[in-house]
Protein chains: 2
Amino acid sequence: MKKERRPIVISRVRPAVDDGRHPVKREAGDDLTVTADIFKEGHDTLAAVILHRSQDKPEWREAPLHFRDNDGWVGSISLEANTRYWFTIEAWTDRFASWVDDVTRRAEGGQADLTSELLEGARHVSQARARAAGADAHLLDDVLARVGTADSQKAHLDALLQPAVREAVCRLQERLDATRYDRELEIVVDRPRARFASWYELFPRSQSKVPGRHGTFDDCIERLPDVQRMGFDVVYLPPIHPIGWTERKGRDNALTAAPGDPGSPWAIGGPEGGHTAVHPDLGTLEDFRRLVLAAERLGMEIALDIAFQCSPDHPWVREHPEWFYRRPDGTIRYAENPPKKYQDIFPLNFNCEAWEALWDELLHVVLFWVEQGVQTFRVDNPHTKPFDFWRWLIREVQDRHPEVVFLSEAFTRPKVMRELAKAGFTQSYTYFTWRNFKEELTEYFQELVGSEMAEYFRGNLFVNTPDILPEVLQRGGPPAFKMRAALAATLSPLWGIYSGFELCEAAAMPGSEEYASSEKYEIRVRDWNAPGNIVEYVTRLNAIRRENPALQIFRNLRFYHSDSSQVLFYGKMTSDRDNVILVAVNLDPFASHSATLAIPLEDIGISPGETYELHELLADHRRLAHDGSVPIELDPGTSPAHVYRVSRWRRREQDFPYFR
Amino acid sequence: MKKERRPIVISRVRPAVDDGRHPVKREAGDDLTVTADIFKEGHDTLAAVILHRSQDKPEWREAPLHFRDNDGWVGSISLEANTRYWFTIEAWTDRFASWVDDVTRRAEGGQADLTSELLEGARHVSQARARAAGADAHLLDDVLARVGTADSQKAHLDALLQPAVREAVCRLQERLDATRYDRELEIVVDRPRARFASWYELFPRSQSKVPGRHGTFDDCIERLPDVQRMGFDVVYLPPIHPIGWTERKGRDNALTAAPGDPGSPWAIGGPEGGHTAVHPDLGTLEDFRRLVLAAERLGMEIALDIAFQCSPDHPWVREHPEWFYRRPDGTIRYAENPPKKYQDIFPLNFNCEAWEALWDELLHVVLFWVEQGVQTFRVDNPHTKPFDFWRWLIREVQDRHPEVVFLSEAFTRPKVMRELAKAGFTQSYTYFTWRNFKEELTEYFQELVGSEMAEYFRGNLFVNTPDILPEVLQRGGPPAFKMRAALAATLSPLWGIYSGFELCEAAAMPGSEEYASSEKYEIRVRDWNAPGNIVEYVTRLNAIRRENPALQIFRNLRFYHSDSSQVLFYGKMTSDRDNVILVAVNLDPFASHSATLAIPLEDIGISPGETYELHELLADHRRLAHDGSVPIELDPGTSPAHVYRVSRWRRREQDFPYFR
C-alpha cells in the first residue's frame, strides 16, 4: 500500500444525497447549513472551511466552519443565485490555536518557566509575519517588538495572546495537514417558485364559453383573471400540439372516434406538425406567446406538458422511423402494457441506435418552448423513459436556463419516483392522491420531510388530475373536496388542482378513478359559477398560504397529537417562530368529529400558563387559550379543517413605556 | 453535459461502510448477504449478479442476485478464506425473460394472433444459439427445429417457453444495457478467532511464584495451563521490552523510582535495545518463542502489546533524533497532556519530515514479532497516532499475514474510536467498562449491533484493565465481579479480564480508577487460589460460551422486556434457531431483585401454549415453562445472572415411529 498522507478525517458531510451522487435542492435566497465530522488523532486544535463555488462564479470561495460538539462542525453559505453550486470542506491543524491552548493550560496549571513555550509562540508569529502585508504586517511587527522588549514572561505571553494577533496568525499561517473532503457536493438552487406555488390545470380547448366551439388561447387569456383571483400562480396546460387522426380515440376512451371528436391531446402530432407546433384550433404560436405574456402580467406563469410520444401521424414517424420500435414484420409498435393497448400512440425508442440524434431533438423541443417564454414543464410518464436521459436533458436545459422547472408526473414504484427526483426533476407528483387516513398520511409525510428525501424531492400535491378522480372525492361530496384541498394546501408549499375540482365534479366511470365524460377525449365547457362550487374556499386557502411564510416551506412540517383517529393535527412554523400555523383536519367527510389538540407549546415558545391566541384563518375567528389542551369540533359540512395562526400576546402592561 | 449511457440504476448496495470508503468485516466461513436496489424505466425484466474476487483469486467470479420486492435484490457469496475480498454488482436487461413475460401476458389476455411475438422469440433463441456450444447448442438447435415445424402457435410457443430454453437463452444472450455499480466494496475476512475469543491479560514479570523474584517467560509457560483451564484462548502480555532508566517511575506512579523498582513496561527501550528486544530479566527471544509454542500446544495464543513510544534510553533516541519532537531549545519533548506529564516517555513524531522512514521502521517492528509467531497485537493508545498510519500499517501487515489481529486500545471520543475500527483495527475496546445500568447498557449495545457499526466494529469487552478498576468493582465486591463477567461473556463473543479480576482484587487509589499498588509500576506475586476467588464462575462462563454457538456471534444480540429496572434481559440465537440463549442479569450487586421475563416465543419459534425447557447453564438447573411470562429472582450473592438455553420438546409421543 502506498504511503499517502491524509491526516484529517472529514466525514458525514451533509447535506448530501446518496453520498453526493445526486445534488441536493434549495432555492435562491436560502442559507445552506453544512455539517461534518472533522477530527484527527490527539488533541491539536483544528480549523476548517466550507469551499464553495457556483456555475456563475467558478472560483472557490471560503466560509468558516465552527466546532459544535462531539467532533461535529457546522457552518453555512448563502445561496443567492438561481444556479448550480458545489461545496466541499477543507480542514487543517491550526498550529497557533493549538499553541494558545497548550500554553494557556500550562500557565493555568502553574508551570513556572514558560521560556520554551514563549519561544515557540514567537516563532509562529514570525512565520505568519513573513506571509503578511499591510495592517497584518504592522500588527505582527508590533507584537514581535513588544515580545522582544517584554520585561516578564507574563507581559510576553499577554502580547502573544491578544485576540487580534490570534486572528491574524491563524489566518496567515500555513495550513498544516491540509486535507480536503473526497467529494464535491452539488446543490441545485432553483427559483423560489420551485418550492412555493399553487397550480391550476386547464384544457385550453374547453375554455370557450360557447358549447361546441373549440376553445382558443384567446379564451385562455380571458379566463386567466378568474384563476388569478383564486390565488393560483402556475397555469398548466395539457399538450397544445396537433392531434393525430389515425386510431384517434373517441369519447370516454372509445376505440374509434366519432366525427368531430377532438382526440386525446397526448396523441401528439399530425399533418400540421409535431412537438413544436400548436393545434390550429387553439390559435397560432404568436397567440400562445400572448397567453404567456398575459399570465406574466398577472403574476402567473404558463406551464406546458412534455409528453415524449407520437401519434402515428407525427412527422417524426415519417422522417425518423429509426426512433421507433419495430416489430419483426417491419411495422411500428404502438404503446401497450399487455393486455392494455394504446393504438393512437407510438412510444419513442430512447435506446435505439440513433439515440443521440433523438435525444438532441427532444432537447431541441424543450428549448423551443423555453424560447417562447415557458419556464415550467409538467413531464408526462417520465418513468417510462431512461433516467440517464432525464439527467442529461434537465442538466442541458438548466445549464442554459436555470429558471426552468420540471414536474415529474410519475405515479409508480417508490424507488423509481425518488430516482426521477434524484435525476433532476424539480418537483414530483406524490402518493398524496391515495393517502386518506390518519396513519397513512402521517407515515407518508414523515417520510417526505423527515428522511433524506427532503433534500431532493419536492412533493406537489394534486387533489385530482384528468386521470385521477380519487375515491374520496367520488364518495365524499363537497366536504371531501374541501377537506382534500385544505390538506394539500397546508401539508406542502406545492399543491394543485385540475379544473372542475372547484365545481366538485365527481362523476366517474363506474369502478374506476377515470372521470366520466373525460376531458381527455372531449371538449367540456363549464359554468364556472355553478351552484355548490367551492371557489371561495380555495381562494381563502391560497390567500392563507401567501400570507403565512410557514406554509411556504417543506421541511418544517411536524405532526402533533390529537386524540381522535379521524382528526389529523399538524403544524408548520418559520425558524424564528414568528409565523406559527397549526392545522386540524377532519378526515371523515361524512360526520362531525371532536378532538382535543395537544398544542406544542414548547416548540412554539409559549411558557406554561401563558395565555395565547388561536386565530382560525378560514373562518377568521379568534379565541384565547391558556394551556396545551384545546378541544375542537370539526363539522365536514361547514368546516372540515381549522387553520390556526398561533400568536403570543407579547405586549403586557409592563411592556409599555409609560409603565416604567 | 456529455451523453453517457448508464441505463440501469444500482444503488444502496449493502453491506458497505461509509458508502464503501472502508471495508466491512467478516470471518472465514461466513456467507455474505448482499442487497441492492436495482431498476430501470418501464417494465423490462432485469437480471443481476454479484461480481466478487479476493486477494487470493483476483479474477472476477459471479454469484446470482434475485429480485425480492420493491426493486430490492438479494444474493450471497461464500467467504472461505482469511483474506480480502471485493464485490460489486452488474445488472442488465434480460431480453428473453422480458419477452417471456410479455408474450405470456398476451396469451393470457387472449390475444389471438401471436405471429409477430413468436418471430421475436425465435430471433432471441437464434441469437443465443450463435453464442452457444455443446449441450446448449444441441438444445437450442432442437428448439429452433421444433419451432420450424410447429403446426400451431400454441406448439410454437410451448417450445419457446420450456424452462431449460429460458435458462440457456438468458445465460447466453448478450447483456443488454449492462451497467456496473460505481464502487467496488471491500470485505476484510479475518480468521474466526477475530470474532470469538476470551482474553486473559497478565504481566510476565509477576508470574514468579517467589515474591521478590522477577518472573520469566518460563514462569509464564508454567502458568499457561491455569489460564487454559479457565477457558481463555488469548493470553495478552504488556510490553516485554527493556525498560528505560531515565525518569523511571516508582511504585504507585511516584516521580522517582526507588532502587529495585522495575519501572513501567510502557517506558520502552534501554541499553539492551528497543521494540525488537526482550527485557533481559524475562529471558531471551528464544525463551519467548518457546512460550508462543507452549500456548499454541494448549490451543491458545500469545498477544503482544504495541506501544509506539520510547523511554529516553531507547536506541532510536540516539540513532534517529529526527523521529521525535524537539523544543525550541533543542531538547526532545516528553509526553504531556498539560498539566499532566509523562517524563519517562518520549512520543514519536509521526508527522516528522522523516515520517516515511519512521513508518517503515514501525512496520518492521510488527513484522519482527509476527516472525516470532505472534498473531495478535493489542495496540496501546492508537488514537494518539494518525489514522492514515494505522490504515497503512495494518494493511501492510495483513497483506503479508492476513491472520494477524489488531485490538485497538482507545478509550476516547466515539467518532475517533469508530474511525480506528474503520481504518483497519480488527477489534476495539468499548465503553462497556463504564456502562453499568439498564438504560445505558441497552442503548450502547443497540448502537454496537444495530447500526452500521456492526459491519466494522468488533467490541472486545474488558471487565478491567491495568489502568481501569471500574467503580462498580471497587464498590460491589464479588457479586459485582460475577455480574460484570456474566455480562461481558454473554453480551459479546469477545471478552477479556486482566489477571487479578478472578481474585476480586478491588483496592484502588483513592478517588480514582487506578489500582492501588498498580502492577504497572511493581511486581506482584499472587496466590491464585486465594479464598473468595471466582475462578470456577469464570471457567463456567467460558465453557458455556464454547458450547453455545449463539454466544459466538455479534449481530444476533436482542434486548427483551423484563419488568424490573435492575434486571437486564437479552438473548442470542443462531440463524437456524437451533441454539437459543437468554440471559437475565441483576445489575444491582447489593440486593436481590425479582422480575418477570417476557420470553420472545415467536422469535424462538415456540407456539403459543407449547411447553418448553429453560436450562439454566450456570447452576445446571432445568425447568419447564408454558407461556411467555417467566418470573425469576436473582440474588447477587449466589447468582447475579441466569443464562438459559431454551429448547423445544420436539419429540412427542406421536413423533415416535411406533405411534404410526
Side-chain angles (χ1 to χ4, degrees), chain A residues 1-7 9 11-12 18-21 37 39-43 70-72 102-103 105-106 108-111 115-117 119-120 123 176-177 182 327-329 331 337-339 350-351 355-356 359 382-389 391-392 395-396 399 413-416 419, chain B residues 1-7 9 11-12 18-21 37 39-43 70-72 102-103 105-106 108-111 115-117 119-120 123 176-177 182 327-329 331 337-339 350-351 355-356 359 382-389 391-392 395-396 399 413-416 419:
Chain A
M1 190 183 183
K2 219 171 132 270
K3 290 192 209 74
E4 251 180 316
R5 293 311 320 267
R6 201 174 160 71
V9 175
S11 66
R12 286 215 310 161
D18 284 359
D19 197 40
R21 286 184 182 79
D37 290 341
F39 53 92
K40 67 168 216 177
E41 82 279 3
H43 299 283
N70 189 19
D71 295 312
D102 179 88
V103 78
R105 286 201 285 162
R106 287 172 193 275
E108 284 167 3
Q111 183 174 320
T115 311
S116 178
E117 287 72 20
L119 280 170
E120 210 173 309
R123 191 166 64 187
L176 181 71
D177 297 333
D182 64 356
R327 292 151 50 101
D329 65 5
T331 59
N337 188 5
F350 286 78
N351 307 309
W355 63 275
E356 294 200 69
W359 292 21
H383 55 292
T384 60
K385 287 95 189 169
F387 300 104
D388 49 3
F389 166 71
R391 186 170 294 115
W392 171 82
R395 180 65 187 261
E396 286 289 315
D399 274 356
R413 290 122 61 203
K415 289 171 189 168
V416 172
E419 190 70 19
Chain B
M1 189 183 183
K2 217 171 133 271
K3 289 191 208 76
E4 253 180 317
R5 293 312 316 269
R6 203 176 158 70
V9 175
S11 66
R12 285 214 310 161
D18 285 0
D19 197 40
R21 286 183 181 80
D37 291 341
F39 54 90
K40 67 168 219 178
E41 82 279 5
H43 300 283
N70 189 18
D71 294 312
D102 179 89
V103 77
R105 285 202 284 163
R106 287 172 193 274
E108 285 167 2
Q111 184 173 321
T115 311
S116 177
E117 286 72 21
L119 280 170
E120 210 174 307
R123 192 166 63 188
L176 180 72
D177 297 333
D182 64 355
R327 291 150 51 99
D329 65 6
T331 60
N337 188 5
F350 286 78
N351 307 310
W355 63 274
E356 294 200 68
W359 291 22
H383 55 292
T384 60
K385 287 94 188 167
F387 300 105
D388 50 4
F389 166 72
R391 185 171 295 115
W392 171 82
R395 179 65 187 261
E396 285 289 317
D399 275 356
R413 289 121 62 202
K415 288 171 190 169
V416 172
E419 190 69 20

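Convention: sequence-line order gives letters A, B, ...; per-chain numbering from 1.
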Self-check item: Pairwise side-chain contact, A:Pro386 with B:Pro7, heavy-atom cut-off 4.5 Å (strictly under)
Solution: no
Quiz item: For the candidates A:Arg395, A:Glu356, A:Glu117, A:Lys40, which exhibits the highest count of non-hydrogen atom pairs separated by less than 4.5 Å from chain B?
Solution: A:Glu356
Exercise. Side chain from CB out, backbone as N, CA, C, O: work out which of these in A:Glu396 comes under 4.5 Å of a heavy atom of chain B, or both, or neither.
Key: side chain
Quiz item: Side chains of B:Arg327 and A:Leu119: closer than 4.5 Å at any heavy-atom pair?
Solution: no
Practice problem: Just give me the residue among A:Gly109, A:Pro382, A:Pro328 that pairs up with chain B most often, heavy atom to heavy atom, under 4.5 Å. | Solution: A:Pro328
Exercise. With a 4.5 angstrom heavy-atom cut-off, could you sort out which part of B:Phe389 is near chain A: side chain, backbone, both or neither?
Key: neither
Quiz item: Are any of the side-chain nitrogens in A:Asp37 or B:Lys415 under 4.0 Å away from the carboxylate oxygens of its partner?
Solution: yes
Self-check item: For chain A, the option from B:Thr331, B:Asn70, B:Thr384 that forms the most heavy-atom pairs under 4.5 Å
Solution: B:Asn70
Quiz prompt | Part of B:Gln111 lying under 4.5 Å from any heavy atom of chain A | solution = side chain
Quiz item: So how far is it from A:Glu419 CD to B:Ser11 OG, rounded to the nearest 0.5 Å?
Solution: 6.0 Å
Quiz item: Roughly how far, to the nearest 0.5 Å, is CG of A:Asp329 from OG1 of B:Thr115?
Solution: 8.5 Å
Self-check item: Min side-chain heavy-atom separation A:Asp71-B:Val416 under 4.5 Å
Solution: yes
Quiz item: What part of B:Val9 lies closer than 4.5 angstrom to a heavy atom of chain A: side chain, backbone, both or neither?
Solution: side chain
Self-check item: Among A:His43, A:Glu108, A:Arg413, A:Arg12, residue most engaged with chain B (heavy-atom pairs, under 4.5 Å)
Solution: A:Arg413
Quiz item: Name the one of A:Lys3, A:Arg6, A:Arg5 that satisfies side chain to side chain donor-acceptor pair (under 3.5 Å) with B:Asp388?
Solution: A:Arg5
Quiz item: Most heavy-atom pairs under 4.5 angstrom with chain B, which of A:Pro414, A:Gly110, A:Ser116?
Solution: A:Ser116
Quiz item: Of the backbone (N, CA, C, O) and the side chain (C-beta and beyond), which part of B:Glu4 lies under 4.5 Å from a heavy atom of chain A, both, or neither?
Solution: backbone
Self-check item: A:Arg391, part contacting chain B, at a heavy-atom distance under 4.5 Å
Solution: both
Exercise. Would you check, one step at a time, whether the test side-chain contact (heavy atoms from CB on, under 4.5 Å) holds for B:Glu41 with A:Asn351?
Key: CA-CA 11 Å; B:Glu41 82 279 5; A:Asn351 307 309; 3.8 Å; yes
